[in-house]
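Comments concern the structure below.
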Amino acid sequence: MIETITKINGAINSVVWGPVMLALLVGTGIYLSIRVGFIQITKLGEILRCTLGGIRDPEAHKKDEFGISPFQAVMTALASTVGTGNITGVATAIALGGPGAVFWMWVSALFGMVTKFSEVVLAVHFREKNAIGENVGGPMYYIEKGLGPKFRWLSVLFAVFAMFASFGIGNMTQANAIAVALSSTIGIDPKITGAVIIVIATVVLLGGIKSIARVTSTLVPIMGIAYVGFGIAALVAYAGQIPHAFAVIFQGALNPSSIGGGVAGYTIANAVRYGFARGIFSNEAGLGSAPIAHAAANTDSPVKQGFWGAFEVFFDTFIICTFTALVVVCSGLYDSGLMGADLTITAFGNAIGGIGTFGVTMGTVLFALSTILGWSYYGEKGIEYLFRNTGITKQVSFGYRVVFVLLTYVGSIGSLTLVWDIADTLNGLMAIPNLIGLLGLSGIAIRLTREYFSAAKRQK
């Protein structure tokens, strides 16, 4: 039975994360970038000014009785986006696709910035108030409201995929990553880790989106800054290798055979495949998850909130993933046979010793914990959408939270190879209805973007 499920899942996974889907995801970003004038390049200063540069702006922290601030919304989205993929996924991409995979990861992120920007614009534009006055939105809402009731089946599919994916990719696999990291480096019993995660998850998740937002708006900046700090320390140790690292990244992307040595077997096709796949898997541009969090923001400007979506991809890939990538490439261990977290831990450890091992371990723990918190919200909003007109939404949502919390313990103590594979497939399946909605409603996102910049130009 298990073998049959594995084969079926493998066949579906090869499609949803295969060349056609990856091309469609990146192609959507290219199409949208052309239509909005490549704002991720031409308006990068404006995007960073309104996001990173405006963190102290009161508008970024403005919230009401029912909503969360724009800053809290992006921190909640980043909590689920910045995860173990930034540590294990990047290293795996380099090991399988060669250093050139890093370049294609950057390319996917460049176009992914506009994809996620557009997703967030639509999520805020088409959002609505739920029964208790909170802002709710995301692909399930903009597909139904934008494309019309006859496409509601796509909205339902997205919500179902999001709900089940939250139990796997956003829950059990993350709890397992925490337990394995703490067990292998510090010797903590996975059962103890599982019990602690249950307590943390219960306290935070049962408080709803406001509680999640408060925790993630504190946790995400701390873990991001800390990981960058460890990355800087490692790159200082590898300073002499940095120019060579950039050289092999670009050579590996365009002409792998010119590198020579042990990496001569890498191909451009593999570099493109693994670079795109791990980049999209990490920053989630096009998958439709993050817009659910952004829709809860207390903002009256879809485009300004969209800037936070673009910044999210920028931060995840061009900053966090790039530090992991450069440390791994500088270490020269990418063709050593090591894979995933082992490769990253060894690369950091060789640079700065035990503190490097500790840094990657704590990064894994915090990244995974933040992903659990962020994905719990996505799953619950999927549940809420599916049961919103039944009169039992509150009860079902509470039941979802209880099951979600209990499954963190199962993830901590179990072996989850099949669960991870199935969750990975469900995560990819979310992209199909989302991309249909995104492309079908792209005209609205483009119009809102042009109107925003035209108005901004007139005010100057």
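This chain uses plain numbering: 1 for the first residue, then up along the sequence. Bear in mind that the values here come from a model prediction, so they are computed numbers and not experimental data.
With rounding to the nearest 0.5 angstrom, the CZ atom of Phe161 is 10.0 Å from the CZ atom of Phe158. Note that CG of Leu32 is 8.5 Å distant from CZ of Arg35, once rounded to the nearest 0.5 Å. Leu219 CG to Phe367 CZ: the interatomic distance, rounded to the nearest 0.5 Å, is 9.5 Å. Put simply, CE on Met113 and CD1 on Ile41 are 9.0 Å apart, with the number rounded to the nearest 0.5 Å. Of the inter-residue distances, the one linking Arg447 atom CZ with Glu451 atom CD reads 5.0 Å to the nearest 0.5 angstrom. To the nearest 0.5 Å, atoms CD1 (Ile436) and CG (Leu154) are separated by 5.0 Å.
Closest approach of Ser108 to Gly275, counting heavy atoms only: OG-O, 4.2 Å. For the pair Leu22 and Ile280, the tightest heavy-atom approach, listed with the atom from each and the gap, is CD2-CD1, 3.9 Å. Across every non-hydrogen atom of Ile143 and Pro433, the tightest pair is CD1-O, 3.3 Å. Considering every non-hydrogen atom in both Ala93 and Tyr274, the closest pair reads CB-O, 3.7 Å. Taking all atoms of both residues into account, the shortest heavy-atom contact from Thr364 to Ala181 is CG2-CB, 4.1 Å. When all heavy atoms of Leu287 and Ala431 are compared, the closest pair comes out as CD2-CB, 3.6 Å.
Tested against Met172, the residues Thr408, Leu407, Ile372 include a single side-chain contact (heavy atoms from CB on, under 4.5 Å) partner, Leu407.
Note on ring orientation: taking the six-membered ring where Trp is involved, the planes of Phe250 and Phe246 are parallel (angle under 30°, cut-offs 30° and 60°). The aromatic rings of Phe307 and Phe453 sit tilted, their planes meeting at an angle between 30° and 60°.
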Point to revise | side-chain hydrogen bond (donor to acceptor under 3.5 Å, both in side chains) between Tyr227 and Thr324, intermediate numbers included | key: CA-CA 9 Å; Tyr227 190 73; Thr324 300; 2.5 Å; yes
Exercise for review: Show your reasoning for whether side-chain contact (heavy atoms from CB on, under 4.5 Å) applies to Phe117 and Val121.
Suggested key: CA-CA 6 Å; Phe117 163 83; Val121 168; 3.8 Å; yes
Point to revise | side-chain contact (heavy atoms from CB on, under 4.5 Å) between Met105 and Phe276, worked out | key: CA-CA 5 Å; Met105 180 182 72; Phe276 279 2; over 6 Å; no
Review point. Taking it one step at a time, do Thr88 and Thr344 satisfy side-chain contact (heavy atoms from CB on, under 4.5 Å)?
Key: CA-CA 7 Å; Thr88 62; Thr344 306; over 6 Å; no
Practice item. Take Val114 and Ile30 through the test side-chain contact (heavy atoms from CB on, under 4.5 Å) and record every step on the way to the result. Key: CA-CA 8 Å; Val114 177; Ile30 294 173; over 6 Å; no
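Judged by distance alone, with hydrogens and angles left aside, the side-chain atoms of Thr449 form no donor-acceptor pair with the main-chain N or O of Val303 at under 3.5 Å. Checked by atom type and distance alone, the side chain of Asn135 never pairs as donor or acceptor with a backbone atom of Lys129 at under 3.5 Å. Between the Glu119 side chain and the Pro291 main chain, no donor and acceptor come within less than 3.5 Å of each other. Under a 3.5 Å cut-off, the side chain of Arg450 and the backbone N or O of Ala445 do not form any donor-acceptor pair. Although no hydrogens or angles enter the test, the distance criterion places a donor-acceptor pair under 3.5 Å between the side chain of Gln40 and the main chain of Leu110. No donor-acceptor pair under 3.5 Å is formed between the side chain of Thr346 and the backbone N or O of Leu343. Proximity of a side-chain donor or acceptor of Arg127 to a complementary backbone N or O of Ala295 within less than 3.5 Å is detected. Of the possible donor and acceptor atoms, none in the side chain of Lys116 sits under 3.5 Å from a partner among the backbone N and O of Gly309. For the pair Ser155 (side chain) and Glu144 (backbone), a donor-acceptor distance under 3.5 Å is present. With Ser442 contributing its side chain and Leu439 its backbone, the two residues share a donor-acceptor pair below 3.5 Å.
Under the 4.5 Å side-chain criterion, counting only non-hydrogen atoms from C-beta, Lys381 is in contact with Asn130. Side-chain contact between Phe167 and Tyr400: present, with at least one pair of heavy atoms (C-beta onward) separated by less than 4.5 Å. Taking the side chain as every heavy atom from C-beta outward, Leu326 and Ile242 never approach each other to under 4.5 Å. Side-chain contact between Tyr142 and Asn434 is present, with at least one heavy-atom pair separated by less than 4.5 Å. Side-chain atoms of Leu369 and Ile178, non-hydrogen and from C-beta on, do get closer than 4.5 Å to each other. Side-chain contact between Trp104 and Val107: present, with at least one pair of heavy atoms (C-beta onward) separated by less than 4.5 Å. Using a 4.5 Å heavy-atom threshold, the side chains of Val328 and Val90 count as separate. Side-chain contact between Phe111 and Thr28: absent, with no pair of heavy atoms (C-beta onward) separated by less than 4.5 Å.
Side-chain atoms of Ser166 and Tyr377 include no donor-acceptor pair closer than 3.5 Å. Counting only N and O atoms by type, the side chains of Asn283 and Thr317 include a donor and acceptor under 3.5 Å apart. A donor-acceptor contact closer than 3.5 angstrom links the side chains of Thr322 and Trp106. Under 3.5 Å, the side chains of Glu284 and Ser289 contain a donor-acceptor pair of N or O atoms.
Checked against the 6.0 Å centroid threshold, Tyr385 and Tyr141 count as a close aromatic pair.
Counting non-hydrogen atoms of neighbouring residues, nucleotides and ligands closer than 6.0 angstrom, the CZ atom of Phe230 exceeds 12 such neighbours. Atom NZ of Lys304 has 12 or fewer heavy atoms from other residues, nucleotides or ligands within 6.0 Å.
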